[in-house]
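Structure first, commentary second.
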Number of protein chains: 2
Amino acid sequence: MASTVGARSAKPMYLQIADDIEEQIKSDRLAPGEEIPSEAALMERYGVSSGTVRKAVAELRTAGLVVTYQGKGSFVKSRPPVTRKSSDRFRRSHRRAGKAAYIAETEQAGVKPTVQVLSIGPVPAPQEIADRLGVEEGAKVLARRRLYFSDGTPTEEATSYLPWDVARDIPELFEENPGGGGIYARLEDHGHEFAEYTETIRARIATKQEATALRLSPGSPVIHLTRNAVTTTGRVVEVCDTIMAADQFVLDYRIPATD
Amino acid sequence: MASTVGARSAKPMYLQIADDIEEQIKSDRLAPGEEIPSEAALMERYGVSSGTVRKAVAELRTAGLVVTYQGKGSFVKSRPPVTRKSSDRFRRSHRRAGKAAYIAETEQAGVKPTVQVLSIGPVPAPQEIADRLGVEEGAKVLARRRLYFSDGTPTEEATSYLPWDVARDIPELFEENPGGGGIYARLEDHGHEFAEYTETIRARIATKQEATALRLSPGSPVIHLTRNAVTTTGRVVEVCDTIMAADQFVLDYRIPATD
DNA sequence: CAGGTAAACTTGACCAAACGAGCGATGGAC
DNA sequence: GTCCATCGCTCGTTTGGTCAAGTTTACCTG
């Protein structure tokens, strides 16, 4: 495979090299999981310095096309099955069938979902969470923090916050496995009938902590989704704060036409 | 302001310098729009080489905290008023009051919205659009491409696609200004009564073209939102494909609890 | 004062090199 | 066969530049 990059081109060398490799990835000449040429090989092939090939590889990382490991090399990112999160995942019928929302949503993606509970216990409510729950900032709330995996890859980190006066009456909420249908089923078992769920969506670049938790390259985008679970009395009995790897999810919503 | 960075620290110098500057930004010692020290000044202040300060500044760019112009310097990104897109923006009452959806949504953000029409005319329908409109790929559809600005800053690039047999009966759709209430009002005037809007949300890093159009730094995240406007007969009479600067928008959705 | 030009300043692309940290294969000792 | 040390390969951090491209400031002339 000869280099087709000319020194006379107006485009910077590092972009030309990145484009070449991107083209190979897009045309499957470099398959997902396959290693791209090492820095030394690229330096020789394109006749440029180490700094220039590093900048090219950094471009590919920024574009989300490769992932790099020190001492190993750079690999084409595999494109995982995408999970669609639709409104249907909160149907009571799923819960009655023993399925928590995350089970319902990953089933159609054909991936094996697992969940790792990171912590369960009382915390002081951060400002935004307190506002949403209608409690004082710093008030005691129950936090359930967990990491979701699809086919062994971490895709989502989520923390549910529940008002203490609601949580303390439901012992399953303090267990790693809250039982069939998840915590929403347990809340319903205790008389909290849901009227609606509101979701707030933001997107940004992952923080260092998030990138580590979700095994993302620095600079990767994440979706930040915050959900209120609202009962028929208008009370918010759970706020779920979620960070998701953006390339792993598609969110679907339906908005009825109203006057 | 003395440098507090020690050579014996385990953290790489470039990250320490980036953290220092980030701390100044976060504590408003460097205000939005203000210039951070030049590369030469940072080199002298921290006693490091140009490559190291450049790497530090690149970190800040990746984190979305600064924007850099060749020949000028690096500036703290201003944090613009955030526009919330909620379900309410599609209310018929807004349209009857002469407001298109984008007017309704920017009003509460206190920003001055403007729109620049980039092109209006027939195009062959791309695959995903064709699938959504229920036409053949490549079929003739009307495309209305525009750029939205808040307070003079581009925030969103949107293309509406309408089936040709629907569009050809509505002359206003071929004009830059389709009239009060926007194209949804014109579609309703012609008997297309809306039942619902479906929205599909993705997030990713902006392409080069998108970054240029929205004046974003390379590596900035965008929200990709695709909406179907569905009539009471179940027909999709418009697909709107939108790329939004992620830091400028918050999306709100309500999901009714159903069985 | 206004306009043009040159100099100074700033970032972008690129070079060449050194050393540290991490990974995996290989070979030798037990 | 297992374990450990060594070596070669790979990327991460850093140095110390040069030249190109863009912006701003200073100076000179009309």
Side-chain angles (χ1 to χ4, degrees), chain A residues 3 5-21 30 33-62 65-77 208 211-212 215-219, chain B residues 3 5-21 30 33-62 65-77 208 211-212 215-219:
Chain A
S3 163
V5 181
R8 284 205 207 79
S9 173
K11 202 169 193 176
M13 284 303 301
Y14 77 95
L15 283 181
Q16 294 179 39
I17 298 168
D19 287 350
D20 269 9
I21 297 173
L30 278 173
E34 200 169 339
E35 183 170 8
I36 72 170
S38 69
E39 292 176 4
L42 292 172
M43 284 166 68
E44 180 164 335
R45 173 174 304 169
Y46 290 100
V48 295
S49 74
S50 69
T52 303
V53 299
R54 282 183 177 161
K55 213 162 154 51
V57 175
E59 280 287 316
L60 295 168
R61 273 199 302 275
T62 295
L65 294 171
V66 302
V67 59
T68 300
Y69 304 101
Q70 179 174 345
K72 292 194 63 170
S74 298
F75 301 84
V76 180
K77 263 191 168 177
K208 295 288 182 196
T212 301
R215 282 191 228 143
L216 300 173
S217 298
Chain B
S3 163
V5 181
R8 284 205 209 80
S9 173
K11 202 168 194 177
M13 283 303 300
Y14 78 95
L15 284 181
Q16 294 178 42
I17 297 169
D19 287 350
D20 268 10
I21 297 173
L30 278 174
E34 198 170 340
E35 183 171 9
I36 71 170
S38 69
E39 291 176 4
L42 291 171
M43 283 164 70
E44 180 163 338
R45 172 174 305 169
Y46 290 100
V48 295
S49 76
S50 68
T52 303
V53 298
R54 283 183 176 171
K55 214 160 151 61
V57 175
E59 280 288 315
L60 295 168
R61 273 200 299 275
T62 293
L65 294 171
V66 304
V67 59
T68 300
Y69 305 102
Q70 180 172 346
K72 292 196 63 172
S74 298
F75 300 83
V76 180
K77 264 191 169 179
K208 296 286 184 197
T212 301
R215 283 192 229 144
L216 300 173
S217 297

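In this text, all values refer to a predicted model and were calculated from it rather than measured experimentally. Chain letters run A, B, ... following the sequence lines, proteins first, then strands; residues in each count from 1.
If you take CE of A/Met43 and P of D/dC9, they are 14 Å apart, rounded to a whole angstrom. Put simply, CD on B/Gln16 is 13 Å from C1' on D/dT14, counting in whole angstrom units. A straight line from CD of A/Glu44 to P of D/dT10 spans 11 Å, rounded to a whole angstrom. One can place OH of B/Tyr14 at 13 Å from P of D/dT15, the figure rounded to the nearest angstrom. Spacing between atom NZ of B/Lys72 and atom C1' of D/dT23 amounts to 8 Å, rounded to whole angstrom units.
Within a 6.0 Å radius of CD in A/Glu35, other residues, nucleotides and ligands contribute more than 12 heavy atoms. Counting heavy-atom neighbours within 6.0 Å of A/Glu34 CD, excluding the residue itself, gives a total above 12.
Between A/Ile36 and B/Ser50, the one whose closest nucleotide on DNA chain D sits nearer the 5' end is A/Ile36. Residue order along DNA chain C, read from the 5' end via each residue's closest nucleotide, puts B/Glu39 first among B/Glu39 and A/Gly47. Taking the nucleotide of DNA chain C with the nearest heavy atom to each of A/Val48 and B/Ser74, the more 5' of the two is matched to B/Ser74.
Evaluation of the side-chain hydrogen bond (donor to acceptor under 3.5 Å, both in side chains) rule for B/Ser38 yields no partner, not counting sequence neighbours.
Across all strands, B/Val57 comes closer than 4.0 Å to no nucleic acid atom at all (heavy-atom distances). Using a 4.0 Å heavy-atom distance criterion, A/Gly73 is classed as a sugar-phosphate-only contact.
No donor-acceptor contact under 3.5 Å links the side chain of B/Arg54 to the base of D/dT14.
Atom-to-atom distance recorded for B/Arg54:CZ and B/Arg61:CZ is 9.5 Å, nearest 0.5 angstrom.
No side-chain heavy atom of A/Thr52 sits under 4.5 Å from any side-chain heavy atom of A/Tyr46. Looking at B/Ile36 and B/Val76, their side chains come closer than 4.5 Å, going by heavy atoms from C-beta outward.
The shortest distance between the side-chain N/O atoms of B/Thr52 and the OP1/OP2 oxygens of D/dT13 is not below 4.0 Å. Within the structure, a side-chain polar atom (N or O) of B/Lys55 is placed less than 4.0 Å from OP1 or OP2 of D/dT13.
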Report task. With side chain to side chain contact (heavy atoms under 4.5 Å, CB included) as the test, would you mind laying out the steps for A/Leu65 and A/Ile21 before giving the verdict? Result -> CA-CA 10 Å; A/Leu65 294 171; A/Ile21 297 173; over 6 Å; no
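You can see that DNA chain C meets the heavy atoms of chain A within a 4.0 Å-exclusive cut from C/dA13 to C/dG24, reading 5' to 3'.
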